[in-house]
Amino acid sequence: MKKLCYVLGALLLITPIAQVASQTKKDLELAKKKQKTLEQVKKDVNRLGVGSKAKATITLHDNTKVKGYVYSVSNDDFVTRDRKTDAPTTIRFADVYKVDDNRGHRNAMLATIFVGIGAAVTIAAVIGAIARNE
């Protein structure tokens, strides 16, 4: 009975220590993940470039969206300008949740080109078949 009391007492002491240790590990993992996303955001913004063709929609951690083009980039933040009013907005990289590229929809453009080519080939085949039968 005495041993059982010692074991239960030891478990009661060890449980909070284990919880604190696991929480610290989770905090470290979260910090690493946040750092990785910060580096990814910087990479995404730098990939867009700077100028009126560097259009983007920036989603912040508080779910607000900023649409415009990237005007300038520094180490800690970047400046976007609204497409219509040309008003500048300074955004810190740490506040950014997601960067969406709005430079154009490449897949839609490619689909349109391939559909046009397919239509041209079909029309040429039909005209060739008609010409052959006459």
Rounded to the nearest 0.5 Å, how far apart are [atom1] of [X] and [atom2] of [Y]?
X: Asp100; Y: Lys55; atom1: CG; atom2: NZ; value: 15.0 Å
X: Leu48; Y: Thr80; atom1: CG; atom2: OG1; value: 11.0 Å
X: Asp76; Y: Arg92; atom1: CG; atom2: CZ; value: 8.0 Å
X: Asp95; Y: Asp62; atom1: CG; atom2: CG; value: 8.0 Å
X: Thr85; Y: Arg83; atom1: OG1; atom2: CZ; value: 11.5 Å
X: Gln40; Y: Lys42; atom1: CD; atom2: NZ; value: 12.5 Å

Results of side-chain contact (heavy atoms from CB on, under 4.5 Å) for Val50 - residues two or more places apart only = Val70, Val73

Side chain Lys98, main chain Thr57, donor-acceptor under 3.5 Å | no

Minimum heavy-atom distance Gly49-Ala54, with the two atoms named = O-CB, 3.4 Å

Smallest heavy-atom separation, Leu38 atom then Ala94 atom, equals CD1-N, 3.5 Å

Is the NZ or CZ atom of Arg81 both under 6.0 Å from the centre of the six-membered ring of Tyr71 and within 45° of that ring's axis?
-> yes

Check whether any side-chain heavy atom of [X] sits under 4.5 Å from a side-chain heavy atom of [Y], and report yes or no.
X: Ile117; Y: Ile113; value: yes
X: Tyr69; Y: Asp86; value: yes
X: Val41; Y: Tyr97; value: no

Do you know which of Val99, Leu60, Asp77 makes side chain to side chain contact (heavy atoms under 4.5 Å, CB included) with Ile91?
-> Leu60

